[in-house]
2 protein chains.
Amino acid sequence: MTNASAILAALGDPTRQAILDLLLEGPQPVGELAALLPVSRPAVSQHLKVLKEVGLVVDRQEGTRRVYRVDPTGLAPVRAYLDRFWTQAVVAFAEYAEEQADPPSSTESKEKDR
Amino acid sequence: MTNASAILAALGDPTRQAILDLLLEGPQPVGELAALLPVSRPAVSQHLKVLKEVGLVVDRQEGTRRVYRVDPTGLAPVRAYLDRFWTQAVVAFAEYAEEQADPPSSTESKEKDR
DNA sequence: ACTTACGGTAAGTTATGGCTAACGGTTAGG
DNA sequence: CCTAACCGTTAGCCATAACTTACCGTAAGT
């Protein structure tokens with residue numbers, strides 16, 4: 001499942017975010033991406049390697065060029081992770097709120113509520 | 001809305017991920033977090049500062065201690081961003097697949113399909 | 001008032017990661 | 001077969017950010 005942490009780390013870099021944004025327009029070869037970005041072609045290659053390792057993009061040999069495209073399924077782990085995170089956070093907040101509104105066994109009227 | 005890129009960058013660091021995971025168990029003071037992590041207390045403070053700036057956590061003074069907890073709403077921008085990303089990726093893939101299955105106006109039988 | 005506990009901040013060091021330049025490998029085309 | 005286009009990989013440089021140590025402020029407790 002390519003640990004969600006690794007995917008988040010990959011998504012953390014702004015250049016990789018830019019590459020993914022470009023690939024959202026459609027599949028593109030490496031040279032094309034490099035031409036649209038303020039970094040060199042090898043830099044793009046390295047970023048694509050990272051993105052490929054975590055499963056966010058897939059590549060395809062096309063003649064002498066290598067065309068990359070985003071892999072929709074690659075985002076599944078992050079979505080699942082964030083969903084878990086979301087529900088957990090809500091639960092934690094609910095417990096916290098309840099604990100605030102309904103003090104179980106503490107001095108009841110020590111501090112004013114409003 | 002604290003740009004989604006900034007939140008993703010914050011989520012990229014493994015130590016911050018660990019801190020957030022701990023905070024999912026419930027609100028905790030800084031010292032408690034530092035005791036559970038392989039880094040010093042100031043390091044935790046600095047990470048909490050970053051997490052707070054992007055809106056992923058909120059803090060609350062509690063006596064001499066400062067208790068942090070995750071803010072569920074802080075994740076909303078990332079969820080929105082990833083949702084957009086997801087649908088875009090699916091669209092891009094659909095166009096790509098269609099282009100593969102139904103070559104519009106290219107040399108039709110130049111390469112073998114199967 | 002003094003002390004203790006707790007945590008944010010600053011300064012300095014270290015390490016990680018992104019970038020470029022150079023090289024090599026592969027594919028198509030003449 | 002030779003050349004040109006395209007791209008992955010390596011080595012090395014450099015910037016950033018993660019970490020520690022030290023210091024200072026604040027809030028209780030005695």
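Below, chains carry the letters A, B, ... as their sequence lines are ordered, and counting in each starts from 1.
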Interatomic distance where [atom1] belongs to [X] and [atom2] belongs to [N] [whole Å]:
X: B:L48; N: C:dG7; atom1: CG; atom2: P; result: 10 Å
X: A:R16; N: C:dC19; atom1: CZ; atom2: C1'; result: 13 Å
X: B:E53; N: C:dG8; atom1: CD; atom2: P; result: 13 Å
X: B:L37; N: D:dC19; atom1: CG; atom2: C1'; result: 13 Å
X: A:L51; N: C:dG17; atom1: CG; atom2: C1'; result: 14 Å
X: A:K52; N: D:dC7; atom1: NZ; atom2: C1'; result: 12 Å
X: B:L33; N: D:dC19; atom1: CG; atom2: P; result: 14 Å
X: B:R60; N: C:dG7; atom1: CZ; atom2: C1'; result: 17 Å

Could you tell me whether the phosphate oxygens of [N], OP1 or OP2, come under 4.0 Å of any side-chain nitrogen or oxygen in [X]?
X: B:H47; N: D:dA17; value: no
X: B:R65; N: D:dT26; value: no
X: B:S40; N: D:dT20; value: yes
X: B:T15; N: D:dC19; value: yes
X: A:Y68; N: D:dG8; value: yes

Closest non-hydrogen atoms of B:V30 and B:S45, given as atom of the first, atom of the second and distance, are CG1-OG, 3.8 Å
Smallest heavy-atom separation, A:P72 atom then B:W86 atom, equals O-CZ3, 3.1 Å
Is it true that atom CZ of A:R79 has more than 12 heavy atoms of other residues, nucleotides or ligands lying nearer than 6.0 Å?
yes
Measure from the side-chain heavy atoms of [X] and tell me the nearest of [options].
X: A:T64; options: C:dG18, C:dA22, D:dC6; result: D:dC6
X: A:A43; options: D:dC7, C:dC19, D:dA18; result: C:dC19
X: A:R66; options: D:dT21, D:dA18, D:dG8; result: D:dG8

So, under a plain 3.5 Å distance rule, would you say the side chain of [X] forms a donor-acceptor pair with the base of [N]?
X: A:E62; N: C:dT27; answer: no
X: A:Q46; N: C:dT20; answer: yes
X: A:R41; N: D:dG8; answer: yes

Quick check: on DNA chain D, is the nucleotide nearest A:E32 upstream (toward 5') of the one nearest B:P42, or the reverse? Name the residue that is more 5'.
A:E32
Whichever of B:Q61 and B:P38 has its nearest DNA chain D nucleotide further upstream toward 5'
B:P38
Between the main-chain N or O of A:A34 and the side-chain N or O of A:R41, is there a donor-acceptor pair closer than 3.5 Å?
no
Under a 4.0 Å threshold between the charged nitrogen and the carboxylate oxygen, would B:D21 count as salt-bridged to A:R84?
yes
Applying the side-chain contact (heavy atoms from CB on, under 4.5 Å) test to B:L56, which of B:V70, B:L75, B:D71 qualifies?
B:L75
